[in-house]
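Whatever order the structure lists ligands and atoms in, that order sets their numbers, starting from 1. Heavy atoms only: backbone and side chains are in, while hydrogens, waters and symmetry mates are out. Note that this is a predicted model, so its numbers are computed, not measured.
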Amino acid sequence: MNTLPEETLDPENWGEFRGFAHRVLDDALDYLAGVRERPVWQSVPEEVRARFTGPLPREGEGIADAYQAYKDCVQPYPLGNIHPRFWGWVNGTGTPLAVLADMLAATMNVNAAGFNHAPTFVELQVLAWLKQIMGFPPQAGGILVSGGSLANLVALNVARSAKAPFAVRQEGLAAHPRLMVYASTETHNSVHKAVELMGLGAASLGLIPVRDDYTIDSTALAAHIAADRRAGCIPFCVVANAGTVNTGALDPIAVLADFCASEQLWLHVDGAFGALAVLDPAHRPLLAGMERADSLAFDLHKWMYLPYEVGCTLVRSGEAHTAAFTSQASYLHRLAGGVASGPVAFADYGPQLSRGFRALKVWLSLKAYGLDKFARLIAQNIRQAQYLAAQVAGTPQLELLAPVPLNIVNFRYLVRGLHEEALNDLNARILVALQESGIAVPSSTVLHGRFAIRVSVTNHRSRREDFDALLAAVVRLGEELNPRR
Ligand SMILES: *Cc1c(COP(=O)(O)O)cnc(C)c1O
């Protein structure tokens with residue numbers, strides 16, 4: 001037994017591994033620097049897909065071969081979101097500096113649970129900065145999470161604990177009247193999922209109609225809540241959208257803040273990408289009232305351009321935040337000194353215990369570039385969206401399908417006299433052909449029954465000429481695919 005040689009995953013020869021690592025980094029930087037020259041996206045060919053159905057390796061093939069498989073089969077077939085002409089869904093671009101940040105985080109292999117180590121102080125610093133950016137007080141609660149979906153779940157869980165008129169953590173929901181959350185019909189489906197994950201049931205999400213500009217109808221909201229109260233339900237939370245995913249619509253947050261204050265309701269703001277528009281002085285007024293919210297969810301992997309995954313929940317009342325998550329365990333006691341003497345236990349602010357060092361890329365990026373750089377890039381993206389909207393409006397074959405308050409443009413190719421169903425079909429075909437051409441990747445949505453080509457600009461690599469190329473391609477494909485031709 002004791003004659004077995006001891007093993008490790010460290011390299012036998014660090015010099016050799018260093019050479020390999022330098023080559024990998026060079027390849028990665030070449031890949032980033034050359035992104036504009038490649039197609040935005042291409043489908044994964046059958047023979048490449050087949051390479052992912054191999055048996056579980058019992059014996060390793062070695063790092064050189066494994067890396068070659070990555071280079072052959074993975075790296076050439078990206079989603080495309082690092083490309084200057086990717087504007088699908090709401091995706092961030094990533095940054096070269098953050099590549100290094102994530103490498104450094106993995107080097108330290110940080111477990112950011114809140115121990116007495118420097119990463120705890122990095123995260124606390126990042127949270128302090130984010131509170132300041134969003135107009136939240138220093139004593140607010142906050143935590144970095146995987147993204148907006150988790151950020152919404154964390155916030156709604158705090159709202160429920162704080163507002164339920166019974167001890168919901170202890171008693172659960174059985175034998176109590178229905179707790180109700182309200183949000184507009186344009187609200188992201190992560191809010192629907194959060195309501196279900198909390199065990200409230202989908203029927204506990206009151207969906208409120210929107211006005212023509214896709215913002216919540218606050219008169220309908222008040223009526224809906226009054227009716228629910230009469231029916232014996234317990235309204236506890238309103239979710240305001242700071243930038244809906246379909247059109248970028250911003251609910252009137254200040255109006256909702258007044259309403260929630262008078263009705264004793266929790267106001268949560270889903271600002272996944274839109275909250276970051278607060279950095280642009282010209283658009284900050286659209287977010288007025290956000291600083292009065294009880295909680296706020298936003299992403300840094302969308303409009304801060306950082307690599308996945310990093311989002312944030314802020315909660316105005318730090319006490320309410322920890323009251324929803326703190327859970328005692330003998331093996332997690334904080335001690336007066338040593339490793340377990342950190343100033344915070346992040347597990348008191350969310351569902352995770354072990355956590356990655358997602359704070360490092362935020363901290364390094366803000367230190368290296370400064371907040372104003374990000375503010376200028378966000379303003380640039382909004383200007384680009386407005387440029388695109390103006391070009392669409394000025395092109396007779398194209399039709400703008402929704403207002404453009406921020407960075408999202410919805411439009412379609414128009415053939416006069418073609419009925420709506422045929423137009424939808426034509427525009428879906430144009431979008432697929434556009435993506436398959438590799439020229440650009442917008443995504444789609446449906447607005448008032450109309451299929452929209454949807455361009456969402458959270459991309460620090462896009463230039464004006466990229467939007468010109470998009471429209472030229474849409475017009476050309478529209479002519480080619482027009483069934484009347
Ligand atoms: C993207 C998005 C979310 C979900 O965030 P993830 O980071 O994808 O989990 C929630 N709300 C809105 C408005 C979004 O745009």
query: Who pairs with Asp468 by salt bridge (Lys or Arg N to Asp or Glu O under 4.0 Å), at least two apart in sequence or on another chain?
result: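 Salt bridge (Lys or Arg N to Asp or Glu O under 4.0 Å) list for Asp468, sorted by chain: empty.
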- request: Kindly write out the residues that satisfy salt bridge (Lys or Arg N to Asp or Glu O under 4.0 Å) with Arg160, not counting sequence neighbours, or none if the list is empty.
  value: none
message: Looking at Gln42 and Pro76, would you say the former's side chain and the latter's main chain have a donor-acceptor pair under 3.5 Å?
response: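 At least one qualifying donor-acceptor pair exists.
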At less than 3.5 Å, what protein N or O atoms come close to the N or O atoms of ligand 1? Include the distances to 0.1 Å.
residue  : atom   : partner : partner atom : Å
ligand 1 : 5 (O)  : Gly148  : N            : 3.3
ligand 1 : 5 (O)  : Ser149  : N            : 3.4
ligand 1 : 5 (O)  : Asp299  : OD2          : 3.2
ligand 1 : 5 (O)  : Lys302  : NZ           : 3.4
ligand 1 : 7 (O)  : Gly148  : N            : 2.9
ligand 1 : 7 (O)  : Asp299  : OD1          : 3.1
ligand 1 : 7 (O)  : Asp299  : OD2          : 2.7
ligand 1 : 7 (O)  : His301  : NE2          : 2.8
ligand 1 : 9 (O)  : Gly148  : N            : 3.3
ligand 1 : 9 (O)  : Ser149  : N            : 2.8
ligand 1 : 9 (O)  : Ser149  : OG           : 2.6
ligand 1 : 11 (N) : Asp270  : OD1          : 3.3
ligand 1 : 11 (N) : Asp270  : OD2          : 2.7
ligand 1 : 15 (O) : Lys302  : NZ           : 3.0

Check: residues 93-108 side-chain donor-acceptor pairs under 3.5 Å, at least two apart:
residue : atom : partner : partner atom : Å
Thr93   : OG1  : Thr458  : O            : 3.3
Thr93   : OG1  : His460  : N            : 3.4
Thr95   : OG1  : Ala98   : N            : 3.0
Thr107  : OG1  : Met103  : O            : 2.6

query: Within 45 degrees of the axis of the six-membered ring of Tyr369 and under 6.0 Å from its centre: does Arg376 put its NZ or CZ there?
result: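 No.
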query: Less than 6.0 Å separating the ring centroids of Trp87 and Phe467?
result: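 Aromatic pair counts; centres sit under 6.0 Å.
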